[in-house]
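Here is the structure we will look at.
Basis for what follows: all heavy atoms, side chains included, without hydrogens, waters or symmetry-related copies. Worth saying up front: this structure is predicted, and the values here are computed from it rather than measured.
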Number of protein chains: 2
Amino acid sequence: MPTERTEDYLEALDVIISEKGYAQVKDVSKLLGVGPPSVTEMFQKLGETGYINYEKYSGVTLTSKGKKIAEKTRKKHDTLKNFLLILGVNKKIANEDACRIEHVVNPETMDRLTKFVDFAQHVGDEPRWLDHFKHFYETGEYRECPLKEQDDQ
Amino acid sequence: MPTERTEDYLEALDVIISEKGYAQVKDVSKLLGVGPPSVTEMFQKLGETGYINYEKYSGVTLTSKGKKIAEKTRKKHDTLKNFLLILGVNKKIANEDACRIEHVVNPETMDRLTKFVDFAQHVGDEPRWLDHFKHFYETGEYRECPLKEQDDQ
DNA sequence: GAAAATATTTTGGATACCCTAAAAGGTTGA
DNA sequence: TCAACCTTTTAGGGTATCCAAAATATTTTC
């Protein structure tokens, strides 16, 4: 099992590599906000454990094992972020929270959240209940769904 | 800023103390699943930093500083757990996930989630859209809200 | 092609956790 | 009251992460 921090590094590597083909110490250092020695140290460990192709003083790439973790993590990240955006959380915070929650959330919860995001985005424009939630969020006023006893299939 | 683990310990202490008036090393050890030496070590630190009243070999209580953190954390926990239950996550997982997410979530996100839980629980029984979500979760079939262009305020 | 600039690595340390084994303190019941 | 039993603490270690300073490698620039 990769640690949380391992997932963070792999995810960052995937982002960087998808943009420039390989990643350097300084890229990861900047993206994760840690010093170069920490990155080198992690590169060494990730190299030994087969998550990345690492050779001293040269750019790294992900192995398929590393790519798998990175993609799984990015997918969780995206779902969480979309979920938070639906709730109305601002972009920056949605991103930061997604980054932290992605490491600790159970697969079953992810499954529910994924479906929830699908559900909220299923129709082209915002579903009525979501409008009602936003109205409620802003005013505290609840708009009752006008249908109550019919339509239950 | 208390660390995540500090929050965990304070929350556990609050739970135990609200039941028996004070907490012993063994109680926390059992509740958090860590060995007694780890608990003693943390008690010492929490004592020094003013979160608990600690004296060797005797039960501890929370200071008001500690109680404040504990309550804040428990409140977040509850909201997260309720939110996950609304989504249909099972009780055990909802609890575990709440326990981990509570430490990493931004106040703005908590605010949105709190309102969302209120919104979903506002009417006595499950709102229609939530039924629709559950139906969608189980079957992949989307039930359109039958009202579309009317009732916009 | 060597000096300057930049990037990476190594070294040596720090912190926050965790643990096992052993010692010490506290409690209790015959 | 004291031996046996719990409970807590101490001692000594371990891991994962971080850092600053110094050493080394690579790249750029003149």
Side-chain angles (χ1 to χ4, degrees), chain A residues 1-13 16-17 19-62 66 69-70 73 96 99-104, chain B residues 1-13 16-17 19-62 66 69-70 73 96 99-104:
Chain A
M1 276 297 93
T3 65
E4 288 187 21
R5 219 38 187 150
T6 293
E7 286 181 359
D8 278 331
Y9 276 88
L10 291 174
E11 193 183 1
L13 285 171
I16 294 158
I17 291 167
E19 274 184 11
K20 65 173 227 186
Y22 63 95
Q24 289 174 278
V25 168
K26 63 172 179 178
D27 303 320
V28 178
S29 170
K30 194 198 280 186
L31 192 56
L32 294 184
V34 296
S38 304
V39 178
T40 298
E41 194 180 8
M42 187 58 109
F43 275 10
Q44 288 162 348
K45 190 176 348 173
L46 294 174
E48 278 158 24
T49 47
Y51 289 112
I52 64 175
N53 305 112
Y54 172 63
E55 266 173 282
K56 272 184 172 194
Y57 296 104
S58 66
V60 308
T61 51
L62 291 168
I69 301 290
T73 308
E96 290 167 359
C99 234
R100 291 188 295 256
I101 299 173
E102 69 194 16
H103 306 296
V104 302
Chain B
M1 276 297 94
T3 66
E4 287 187 21
R5 220 36 187 150
T6 294
E7 286 182 357
D8 278 330
Y9 276 87
L10 292 174
E11 194 183 2
L13 285 171
I16 294 158
I17 291 167
E19 273 184 12
K20 66 174 225 185
Y22 63 97
Q24 289 174 276
V25 167
K26 64 171 179 178
D27 303 320
V28 177
S29 171
K30 193 197 280 183
L31 192 56
L32 294 184
V34 298
S38 305
V39 178
T40 297
E41 193 181 7
M42 187 57 110
F43 275 10
Q44 287 162 350
K45 192 180 342 175
L46 294 175
E48 278 157 24
T49 46
Y51 289 113
I52 65 175
N53 305 112
Y54 172 64
E55 265 173 282
K56 273 186 172 190
Y57 296 106
S58 65
V60 308
T61 50
L62 291 167
I69 300 291
T73 309
E96 290 167 0
C99 234
R100 291 188 296 255
I101 299 172
E102 68 193 18
H103 305 297
V104 302

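- Among C:dC19, C:dC17, C:dT11, the nucleotide with an atom closest to any side-chain atom of B:Val34 is C:dC19.
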What protein N or O atoms touch nucleotides 24-29 of chain D N or O atoms at under 3.5 angstrom, if any, and at what distances?
| unit_1 | atom_1 | unit_2 | atom_2 | d |
| --- | --- | --- | --- | --- |
| D:dA25 | O4' | A:Tyr57 | OH | 3.3 |

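- For the pair A:Arg5 and A:Asp8, the minimum side-chain heavy-atom distance is below 4.5 Å.
- Contact check for B:Thr3 versus B:Tyr9: no side-chain heavy atoms found under the 4.5 Å cut-off.
- Distance, B:Lys26 NZ to D:dC5 P: 17 Å, rounded to whole Å.
- Side-chain nitrogen and oxygen atoms of A:Gln44 include none within less than 4.0 Å of the OP1 or OP2 phosphate oxygen of C:dT9.
- OP1 or OP2 of C:dT10 has not a single side-chain nitrogen or oxygen of A:Thr40 nearer than 4.0 Å.
- Between C:dC19 and B:Ser38, a contact under 4.0 Å exists linking OP1 or OP2 to a side-chain N or O.
- If you check every strand for non-hydrogen atoms under 4.0 Å, B:Tyr54 touches sugar and phosphate atoms only.
- Taking each heavy atom of B:Glu7 and B:His103 in turn, the nearest pair found is OE1-ND1, 2.7 Å.
- Rounded to a whole Å, the CD atom of A:Glu48 is 14 Å from the C1' atom of D:dA16.
- Without hydrogens or angle criteria, B:Ser29 side chain to B:Val25 main chain gives no donor-acceptor distance under 3.5 Å.
- B:Leu10 places none of its side-chain heavy atoms less than 4.5 Å from the side chain of B:Thr73.
- Annotation: cation-pi geometry satisfied between B:Lys20 and B:Tyr22 (NZ/CZ under 6.0 angstrom from ring centroid, within 45° of ring axis).
- Between A:Val60 and A:Val28, every side-chain heavy-atom pair lies at or beyond the 4.5 Å cut-off.
- Checking D:dT7, D:dT17, C:dC17 against every side-chain atom of B:Met42, the shortest atom distance belongs to C:dC17.
- Between A:Phe43 atom CZ and C:dT10 atom P the separation is 13 Å, expressed in whole Å.
- Nucleic acid contact class of A:Tyr9 (heavy atoms, under 4.0 Å, all strands): sugar-phosphate only.
- Rounded to whole Å, the distance from NE2 on A:His103 to P on D:dT17 is 11 Å.
- Distances were taken from every side-chain heavy atom of A:Glu41 (C-beta onward) to each of D:dT9, C:dC17, D:dT17; the shortest belongs to D:dT17.
- Between the CZ atom of B:Arg5 and the P atom of D:dA16 there is a distance of 17 Å, given to the nearest Å.
- If you check C:dC17, D:dA16, D:dA20 against the side chain of A:Lys45, the one that comes closest is D:dA16.
- Distance CD (A:Glu7) to C1' (D:dA16): 15 Å, rounded to an integer number of Å.
- Distance B:Glu4 CD to C:dC18 P: 12 Å, rounded to the nearest Å.
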